[in-house]
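As structure tokens, the structure follows; a few thoughts come after it.
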Amino acid sequence: MQNSELILCQNTGNIFEKEAKPFVKWAGGKTQLLNELSDRLPLKIKMSKTVQRYVEPFVGGGAFFFFLKSNYEVKESFLYDINKELIIGYKVIQKDVQELMYELERIEDEYINLPEIDRKEYYYKTRDEYNNQQDNFNYETYNSDWIKRAAYLIFLNKTCFNGLFRQNKRGKFNVPFGRYKNPTICDKENLLRVNEALKNTYVFSTDFEESKKFIDANTLVYLDPPYRPLNKTSYFTSYDKDGFNDEDQIRLANYYKEMDKKGAFLILSNSDPKNEDINDDFFDVLYSGFKIERVNAKRSINCDGKKRGSIKELVIRNYD
């Protein structure tokens, strides 16, 4: 394990008064599935209220991670996401939360006091600056520039249409302006809780398969990949420019089987193709031999508001 790849903060022993929650809204966030996931935790973890090691190869907004850190003793955690912008946010909150809050307060004060027409101009000017930074930005070595970039990420997420993060094929953030009367751009209380949750946590921006080296029989692994689209109109895996196709889903299933052989506890969530085609057995075949359950969820992202109703999602485990 190379020190240059890791950021680790020692646990101070502080106890949350309230639960931390995701600091950005992320496509496919798991807040609505927390009860289903919590109910399906291994009995050993439920009884001991302790997770020896937690690995999340597609952390996204981190809803389940924050839930666990707020309700269980998690000895150490390893979080991964291929999206470099998101991981910058995590690392800045972990290392420089106070400086981040100062920057967010400055942006919030400037933005909130503007009329809507000027807010819109401020938003697009910030989005342009954020996108223009990208080509020459140092994503490899942590430095003070990361603080401003994390602040821009959070500002854009809190003020863009539908509160999403989405990139085009060139990796540029492309969500239009959202009309919110009084958005909370600097949520100090939650940022401090997120900072606390990130104690004893390693954060990486890399492919999910890199997490293998940290997984053993004492590990709980939650896998929340970009969901397989139910149809062409529901295709929304573009919170990273490279997407996640069926070949990646197959690669993930092979990873799942390999980690199962290590004896790790594995939970995976994904879309259920049978919502659209009862004969689509894609995941049933891929995860044959494991415990596949269909649970109720709400469709939170769809261009047609009338289609944001209850659907089934898959929760797949390798234990009873």
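Treat the numbers as computed from the prediction; the structure is a model and nothing was measured.
Residues Q134 and F173 fail the side-chain proximity criterion, which asks for heavy atoms closer than 4.5 Å. Between L266 and I316 the shortest side-chain heavy-atom distance does not fall below 4.5 Å. Residues V51 and E73 fail the side-chain proximity criterion, which asks for heavy atoms closer than 4.5 Å. Inter-residue side-chain proximity for I185 and T159 is flagged as met; some heavy-atom pair is nearer than 4.5 Å. Considering only heavy atoms from C-beta on, D118 comes within 4.5 Å of E121 through its side chain. Contact of the I87 side chain with the F204 side chain is not registered, since no non-hydrogen atoms from C-beta on lie closer than 4.5 Å. In this structure, L153 and Y130 have side chains that are in contact, with non-hydrogen atoms separated by less than 4.5 Å. A heavy-atom distance below 4.5 Å is not found between the side chains of F67 and L37.
Listed here is the closest heavy atom pair of A150 and G89: CB-CA, 4.1 Å. Taking every heavy atom of both residues into account, G60 and W26 meet most closely at CA-CD1, 3.5 Å. Here the closest non-hydrogen pair linking S38 and K46 is O-CE, 3.4 Å. Taking each heavy atom of P22 and G61 in turn, the nearest pair found is CB-O, 3.2 Å.
Judged by distance alone, the side chains of D96 and Y142 do bring a donor and an acceptor atom under 3.5 Å apart. The closest side-chain donor-acceptor pair between D260 and N318 falls under 3.5 angstrom. There is a side-chain donor-acceptor pair under 3.5 Å between N270 and Q249.
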- Message: The test is side chain to side chain contact (heavy atoms under 4.5 Å, CB included); show your working for D284 and K274 and say whether it passes.
- Response: CA-CA 10 Å; D284 295 84; K274 292 183 182 295; 3.6 Å; yes
- Message: One pair to check against side-chain hydrogen bond (donor to acceptor under 3.5 Å, both in side chains): E129 and Y152. What are the steps and the verdict?
- Response: CA-CA 9 Å; E129 185 175 346; Y152 280 178; 3.1 Å; yes
- Task: In sequence, state the C-alpha distance, the side-chain angles, and the governing distance for Y227 and E313, and then conclude on side-chain hydrogen bond (donor to acceptor under 3.5 Å, both in side chains).
- Result: CA-CA 10 Å; Y227 275 20; E313 291 189 1; 2.9 Å; yes
- What do the steps show when you test Q167 against N83 for side chain to side chain contact (heavy atoms under 4.5 Å, CB included), and what is the final call? CA-CA 10 Å; Q167 293 175 316; N83 191 298; 3.6 Å; yes
- Message: Could you walk me through whether F137 and W146 satisfy the side chain to side chain contact (heavy atoms under 4.5 Å, CB included) test, starting with their C-alpha distance in whole Å, then the side-chain angles of each, then the deciding distance to 0.1 Å, before giving a yes or no?
- Response: CA-CA 9 Å; F137 193 80; W146 286 34; 3.4 Å; yes
- Query: Run the side chain to side chain contact (heavy atoms under 4.5 Å, CB included) check on V221 and M259 step by step: do they pass?
  - Reply: CA-CA 9 Å; V221 184; M259 296 307 99; 5.6 Å; no
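Checked by atom type and distance alone, the side chain of R53 never pairs as donor or acceptor with a backbone atom of K75 at under 3.5 Å. Although no hydrogens or angles enter the test, the distance criterion places a donor-acceptor pair under 3.5 Å between the side chain of R127 and the main chain of V175. A side-chain donor-acceptor contact under 3.5 Å links N168 to the backbone of K172. A distance-only check finds no donor-acceptor pair linking the side chain of K30 to the backbone of D224 [under 3.5 Å]. Under the 3.5 Å distance criterion, the side-chain polar atoms of R119 are matched with a main-chain donor or acceptor of K181.
Ring geometry, F58 versus F244: the interplanar angle exceeds 60°, so the pair is classed perpendicular (tilted spans 30 to 60°).
E56 meets the side-chain contact (heavy atoms from CB on, under 4.5 Å) test with Y54, V59, F65, L79, Y222; sequence neighbours excluded. Evaluation of the side-chain contact (heavy atoms from CB on, under 4.5 Å) rule for N218 yields K44, Q52, D216 as partners, not counting sequence neighbours. For D187, the side-chain contact (heavy atoms from CB on, under 4.5 Å) partners are K21, T184, E189, N190, not counting sequence neighbours. Partners of A151 according to the side-chain contact (heavy atoms from CB on, under 4.5 Å) rule, which considers only residues two or more places apart in sequence or in another chain, are L100, E103, L104, I107.
A distance of 5.0 Å separates CG of N275 from CG of D272, quoted to the nearest 0.5 Å. A distance of 8.5 Å separates CD in E276 from CD1 in I311, rounded to the nearest 0.5 Å. A distance of 6.0 Å separates SG of C186 from CG of L191, quoted to the nearest 0.5 Å. Atom CE of M101 sits about 8.0 Å away from atom CG of N195, to the nearest 0.5 Å. The line from CD1 of I93 to CD of E196 is 13.5 Å long, rounded to the nearest 0.5 Å. Atom CD1 in I45 sits 4.5 Å away from atom CG in L220 (nearest 0.5 Å).
In summary, R149 and E85 engage in a salt bridge, as defined by a charged side-chain N under 4.0 Å from a carboxylate O. Using a 4.0 Å cut-off between charged side-chain N and carboxylate O, R317 and E293 make a salt bridge. Between R40 and E36, at least one side-chain nitrogen of the basic residue sits less than 4.0 Å from a carboxylate oxygen of the acidic one, meeting the salt-bridge criterion. Taking the charged nitrogens against the carboxylate oxygens, R106 and E110 do have a contact shorter than 4.0 Å, which makes a salt bridge. Under the 4.0 Å criterion applied to side-chain N and carboxylate O atoms, K158 and E108 are not assigned as salt-bridge partners. R228 has no carboxylate O lying under 4.0 Å from a charged side-chain N of D248, or vice versa, which leaves the two without a salt bridge. Salt-bridge formation is detected for the pair K212/E209: a Lys NZ or Arg NE/NH1/NH2 atom is positioned less than 4.0 Å from an Asp or Glu carboxylate oxygen.
Annotation: N35, atom CG; neighbour count of heavy atoms from other residues, nucleotides and ligands within 6.0 Å does not exceed 12. Within a 6.0 Å radius of NZ in K188, no more than 12 heavy atoms belonging to other residues, nucleotides or ligands are found. Remark: K49 NZ is packed, more than 12 non-hydrogen atoms of other residues, nucleotides or ligands lying under 6.0 Å away. Within 6.0 Å of the CG atom in D320, the count of heavy atoms belonging to other residues, nucleotides or ligands does not exceed 12.
Across L156, L164, I154, a single residue satisfies side chain to side chain contact (heavy atoms under 4.5 Å, CB included) together with V24, and that is I154. Partner F208 forms a ring-ring contact (aromatic ring centres under 6.0 Å, His included) with one of Y255, F214, Y256 and no other, that one being Y255.
Here the two rings, on Y202 and F78, have centers that are under 6.0 Å apart.
Residue pairs meeting the ring pair (Phe, Tyr, Trp, His ring centres under 6.0 Å) criterion with at least one partner in residues 95-115, sequence neighbours excluded, are Y111-Y122, Y111-F155. Applying the ring pair (Phe, Tyr, Trp, His ring centres under 6.0 Å) test to every pair with at least one member in residues 257-283, sequence neighbours left out, gives these pairs: F265-Y319.
Note on Y180 and Y124: separate hydrophobic clusters, where clusters join Ile, Leu, Val, Met, Phe, Trp and Tyr whose side-chain heavy atoms are under 4.5 Å apart, directly or indirectly.
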